[in-house]
There are 2 protein chains.
Amino acid sequence: MNLFDFFDTIYPISPEAKKAMEQIIREKSYAKNEIVQEIGSRCRTVYIVKSGSATIFYYKDGNDITEHFAFENDIIVRAESLFTRKPTSKGIQAIDETLMLGIDSESLFLLYDRHHDLERLFRLIFENEYVNTVKRLESLQFKSAKERYLELLESTDIIQKIPLKYIASYLGITQVSLSRIRSGLG
Amino acid sequence: MNLFDFFDTIYPISPEAKKAMEQIIREKSYAKNEIVQEIGSRCRTVYIVKSGSATIFYYKDGNDITEHFAFENDIIVRAESLFTRKPTSKGIQAIDETLMLGIDSESLFLLYDRHHDLERLFRLIFENEYVNTVKRLESLQFKSAKERYLELLESTDIIQKIPLKYIASYLGITQVSLSRIRSGLG
DNA sequence: CTGATTATTTAACATTTGTAAAAGGTTTTG
DNA sequence: CAAAACCTTTTACAAATGTTAAATAATCAG
């Protein structure tokens, strides 16, 4: 789907706003496993996955942890950096060959002053991300690992294609534990 | 602190916007343990805690679970309902004698059209809530219960006054487990 | 195609956390 | 004040998850 068609499903914006946005969007493709944004950087880009898949990841005690997955038409930002202007210890990585649209966030935020509809659009987009995060929190707070795994399986088919090491850490468990759950013993 | 002084520290709004907001705010006090919003209701109010403390809670397998704490000057909303207009299985409860300001959310959202600065202010407020939720997610995903408890203790002094049963479920553990951690054996 | 690399499962054991019940503490209220 | 209600800790045992290492299985690169 075209980006603006996608945006129209959320909140229609004026032709002027579209024109202004086009100036600050760039498309880029990433190879499998390529780093999109380095750990330690500031988040200055709002990404939209056009095809492929990407994660937000970080390291804890030497282990690679997947905090977030993004697939086709998903927004991907490191919120704790984008909205605070501080660097973050998280990075973004392409899982597969991935095509991304990147919107320069500083420019976008400036456009909010002249284009109220753009601020509205992105307010709605990020409110939705906020809601998704609250739901994931609920899942991690008191559901068992097995419940979380089943819930994830039901959320999207694409998850089937993602290597289990990413999925395990996303669920907050080890690969060994995930294997047990999958074999029906967990 | 006065509400508008507090808002000014986030994003200054016009006198007209203040006047419009005053029409949709009501102050109400709640007794200790009083339910502010019932489980199963829709979130149509943005609360601000003036004094006291409140939680977002729900039931899972018969257990009372605390999802969120709010203290003085904190915003408290059930985001998964406020931003989707759907009912939620979570409620809001006062822990202590608590004074709250309630802003009618439907009216607020209507004001966004006429008062761009109000939309800006609340966008910034909820972006901040979103960031807080992401940080909590990170904590629940891969920190140990002990780490989470120590982190919570450092976040605010007020937490010392909150009964441990609320804190245990907020951390995603049982009271027994929290007692073990506190006694240094966990 | 085949060895090398990477991903996944299994096994054995350790640690953490949960469950249920009881025992102390503390607070509330008549 | 004293009984009741509520909160917190402790105990003993069960279940879930982690750790390390090894064994398979699948994929990749020359």
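Labels below follow one simple rule: chain letters A, B, ... track the order of the sequence lines, proteins then strands, and each chain is numbered from 1. Nothing here was measured: the structure is a model prediction, and the numbers come from that model.
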Round to the nearest Å and state the distance from [X] atom [atom1] to [N] atom [atom2].
{"X": "Ile173(B)", "N": "dA15(D)", "atom1": "CD1", "atom2": "P", "result": "21 Å"}
{"X": "Asp64(B)", "N": "dC7(D)", "atom1": "CG", "atom2": "P", "result": "10 Å"}
{"X": "Leu178(B)", "N": "dC7(D)", "atom1": "CG", "atom2": "P", "result": "14 Å"}
{"X": "Gln175(B)", "N": "dA20(C)", "atom1": "CD", "atom2": "P", "result": "14 Å"}
{"X": "Gln160(A)", "N": "dT8(C)", "atom1": "CD", "atom2": "C1'", "result": "16 Å"}
{"X": "Ile181(A)", "N": "dA16(D)", "atom1": "CD1", "atom2": "P", "result": "10 Å"}
{"X": "Lys143(B)", "N": "dT17(C)", "atom1": "NZ", "atom2": "P", "result": "15 Å"}
{"X": "Glu147(A)", "N": "dA16(D)", "atom1": "CD", "atom2": "P", "result": "12 Å"}

Any side-chain donor paired with an acceptor under 3.5 Å for Arg78(A) and Ser41(A)? yes
Can you see whether Tyr47(B) engages Gln37(B) through a side-chain donor-acceptor pair at a distance of less than 3.5 angstrom? yes
Side chain of Val176(B): nearest nucleotide among dT8(C), dT11(D), dT10(C)? dT11(D)
Counting heavy atoms from C-beta on, name the nucleotide in dT9(C), dT10(D), dT17(C) closest to the side chain of Ser183(B). dT10(D)
Any [X] side-chain N or O less than 4.0 Å from OP1/OP2 of [N]:
{"X": "Thr174(A)", "N": "dT17(D)", "answer": "no"}
{"X": "Arg180(B)", "N": "dT17(C)", "answer": "no"}
{"X": "Ser179(B)", "N": "dT8(D)", "answer": "no"}
{"X": "Lys32(A)", "N": "dC28(D)", "answer": "yes"}

Okay, side chain of Ser169(B), backbone of Gly172(B): is any donor-acceptor separation there less than 3.5 Å? no
Is the shortest heavy-atom distance from the side chain of Lys50(B) to the side chain of Met100(B) under 4.5 Å? no
Given that Ala145(B) and Lys165(A) both sit by DNA chain C, which one's nearest nucleotide is further toward the 5' end? Lys165(A)
For Tyr166(A) and for Phe142(A), find the nucleotide of DNA chain C with the closest heavy atom, then tell me which residue's nucleotide is more 5'. Tyr166(A)
Kindly assign one of parallel, tilted or perpendicular to the pair Phe57(B) and Tyr59(B), based on the angle between their ring planes and the thresholds 30° and 60°. perpendicular
